[in-house]
Undergrad: 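Sharing a structure, written as structure tokens. Questions coming.
The structure displayed is predicted, hence computed values, not measured ones. Order of appearance sets the numbers: ligands from 1, and atoms from 1 within every ligand.
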Amino acid sequence: MISVTSLLCQTNSFGDRLRYHPSSRHQKHGTSPGRGPVVVWNMTRACNLRCLHCYAAARERHPGELTTREAQKLIDDLASFKVPVLLFSGGEPLLREDFFALASYAAARGLRTVLSTNGTLIDRRTAARLREAGVSYVGVSLDGVGETNDRFRGHRGAFKAALEGIRFCLEAGLRVGIRFTLNRHNYAQLPAIFALIEEEGIPRACFYHLVYSGRARYMIGDDLGHEETRAALDLIIEKTMEFCRRGAEKEILTVDNHADGPYIYLKFRRQDPQKAEEIYRLLRQNGGNRSGIAIAAVDWEGNVHPDQFSLHHTLGNVRQRSFGQIWTDDSHPTLRGLRNRRSLLHGRCSRCRFLEVCNGNFRSRAEAVYGDFWAPDPACYLTEEEIKPA
Ligand code: SF4
């Protein structure tokens with residue numbers, strides 16, 4: 001995750017302190033010394049929608065889903081491993097009947113909890129219950145305005161229901177944001193999404209690059225071309241700068257493509273070298289992609305993975321060993337490789353001058369396209385000229 005707002009406007013949110021901690025880049029097992037990773041818990045496979053790009057390929061409930069008791073034990077493990085953030089994802093987390101009990105349980109154990117949801121099931125009462133359960137942030141997926149969103153989500157009326165959900169969350173005093181996944185069919189709607197967050201008073205927007213996992217494996221040809229990605233980034237940067245100039249309290253982030261960091265740096269190196277140096281300092285502190293280091297995923301059956309897009313790489317199961325035991329066991333080759341990836345990466349990533357701030361980007365995208373976990377990330381849109389040593 002790259003906070004464009006933080007890089008360009010030097011803000012300092014809770015997330016920024018996790019992302020840009022001075023020692024972040026040197027960690028092997030978590031976000032900072034003595035802390036565990038941010039954990040995405042795909043707590044259910046069940047979903048009421050059928051989104052085209054769902055990385056979890058969510059559908060009906062899995063019969064082997066962790067029970068409430070097992071889920072509480074997982075939360076206890078995560079709290080004792082000092083996980084800073086537990087992100088409830090799915091499927092649709094609100095379809096678990098015990099969602100509120102588990103969210104309250106996690107908050108009572110000192111975990112900062114975040115909900116990733118399609119937003120369509122949030123009514124006024126649900127929003128109030130989320131607040132009571134101590135959920136600190138609600139990210140609602142919207143992949144366009146109106147019918148564009150509904151086509152992606154496989155459900156007519158999904159946009160209207162999600163927008164109502166967002167309004168109820170805002171009314172309840174919850175921090176809420178939009179999660180928008182860029183692809184060829186919706187990127188022309190970026191200005192409309194920025195207009196929406198202004199009109200609705202939504203304080204945060206995260207722009208996700210497509211990762212070819214789950215059902216998105218069938219969307220590789222629908223991803224943006226490199227020139228389109230650059231144009232999308234230019235617009236995101238321009239809008240973020242505009243918010244900064246106006247003092248509008250909006251947090252804008254890009255997610256799942258660490259080439260965005262060097263791209264922003266290079267753009268400002270031409271316009272404002274001093275700002276560019278500060279941007280580079282923050283990117284260097286962060287260290288780029290941190291799958292298997294500061295990000296972990298646990299699926300509905302309790303399997304642990306290096307991130308939520310690598311569900312086919314299983315490191316262990318929390319029914320057999322605690323999360324902390326699994327996460328600190330470097331004997332698994334994928335985990336060990338992710339923590340010492342420099343010598344394994346090949347192709348353009350291995351010779352890139354920005355490797356220290358990107359860390360080779362997303363391995364699951366390389367694997368989906370080339371069948372090789374350590375190949376270059378095909379979504380890197382920097383030119384050969386840009387990545388060659390200065
Ligand atoms: S070439 Fe690889 S390491 Fe360099 S910016 Fe692109 S994805 Fe990152």
Side-chain angles (χ1 to χ4, degrees), residues 1-4 6-8 19-20 24-28 55 181-183 207-213 216 220 223-234 236-237 253-270 276-295 306-310 313 334 337-390:
M1 235 179 198
I2 293 178
S3 171
V4 184
S6 177
L7 294 182
L8 302 188
R19 276 183 287 278
Y20 306 113
S24 296
R25 60 182 283 105
H26 302 297
Q27 301 310 305
K28 293 287 185 203
Y55 68 79
T181 302
L182 289 157
N183 63 75
F207 295 98
Y208 284 71
H209 294 263
L210 195 64
V211 183
Y212 319 136
S213 301
I220 295 174
D223 199 0
L224 297 185
H226 293 174
E227 285 306 318
E228 291 165 319
T229 307
R230 293 170 83 97
L233 256 289
D234 288 344
I236 291 168
I237 292 166
L253 300 101
T254 66
V255 192
D256 298 339
N257 193 335
H258 280 274
D260 293 350
Y263 184 75
I264 295 170
Y265 161 74
L266 288 169
K267 196 172 170 75
F268 277 86
R269 205 179 53 165
R270 293 185 291 273
E277 288 320 305
E278 179 56 16
I279 290 170
Y280 200 83
R281 188 185 67 76
L282 290 169
L283 293 173
R284 205 165 170 278
Q285 278 186 359
N286 172 268
N289 176 281
R290 299 200 282 169
S291 300
I293 301 169
I295 293 283
D307 63 34
Q308 68 273 39
F309 302 106
S310 307
H313 290 275
T334 305
L338 283 167
R339 291 170 182 172
N340 303 282
R341 64 183 83 174
R342 299 271 169 104
S343 59
L344 298 170
L345 294 169
H346 50 81
R348 71 200 307 262
C349 292
S350 65
R351 58 175 188 275
C352 172
R353 66 183 277 217
F354 294 117
L355 186 54
E356 68 168 356
V357 298
C358 172
N359 213 17
N361 225 338
F362 257 87
R363 302 294 85 226
S364 38
R365 231 171 356 225
E367 190 178 29
V369 170
Y370 302 116
D372 176 351
F373 199 64
W374 304 110
D377 184 333
C380 176
Y381 53 91
L382 299 185
T383 64
E384 286 296 324
E385 186 62 24
E386 285 168 331
I387 66 164
K388 79 176 187 207

Undergrad: In terms of side-chain heavy atoms, does D260 have a donor or acceptor partner in H209 at a distance below 3.5 Å?
TA: yes
Undergrad: Please give me the minimum heavy-atom distance between Q308 and Y55, naming the atom from each residue.
TA: O-CD1, 3.1 Å
Undergrad: Consider salt bridge (charged side-chain N to carboxylate O under 4.0 Å, His left out). Of D377, D256, D223, D372, which one does R365 pass it with?
TA: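 Result for salt bridge (charged side-chain N to carboxylate O under 4.0 Å, His left out) with R365: D377.
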Undergrad: Roughly how far, to the nearest 0.5 Å, is the OG atom of S350 from the CH2 atom of W374?
TA: 13.0 Å
Undergrad: What is the closest protein heavy atom to atom 8 (Fe) of ligand 1, and at what distance does it sit?
TA: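 The closest heavy atom on the protein side is C358 SG, 2.3 Å.
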Undergrad: Tell me the protein heavy atom at minimum distance from atom 2 (Fe) of ligand 1, and give that distance in Å.
TA: C349 SG, 2.4 Å
Undergrad: Heavy-atom contacts with G360 under 4.0 Å: which atoms of ligand 1 show up? List them by number with element.
TA: 3 (S)
Undergrad: Can you tell me if an N/O/S atom from C380 lies under 2.8 Å from atom 6 (Fe) of ligand 1?
TA: yes
Undergrad: Who's the nearest protein heavy-atom neighbour of atom 4 (Fe) of ligand 1, and how far?
TA: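 In this structure, atom 4 (Fe) of ligand 1 has C352 SG, 2.4 Å as its nearest protein heavy atom.
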Undergrad: State which residues pass ring pair (Phe, Tyr, Trp, His ring centres under 6.0 Å) with Y212; sequence neighbours excluded, sorted by chain then number.
TA: none
Undergrad: Indicate, as side chain, backbone, both or neither, the part of L382 found under 4.0 angstrom from ligand 1 when only non-hydrogen atoms are considered.
TA: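 Contact part for L382 vs ligand 1: side chain (C-beta onward).
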Undergrad: How close do R341 and L338 get, counting heavy atoms only, and between which atoms?
TA: NE-O, 2.9 Å
Undergrad: Which atoms from ligand 1 have a heavy atom of N361 less than 4.0 Å away?
TA: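 Listed by number with element, the hits are 7 (S).
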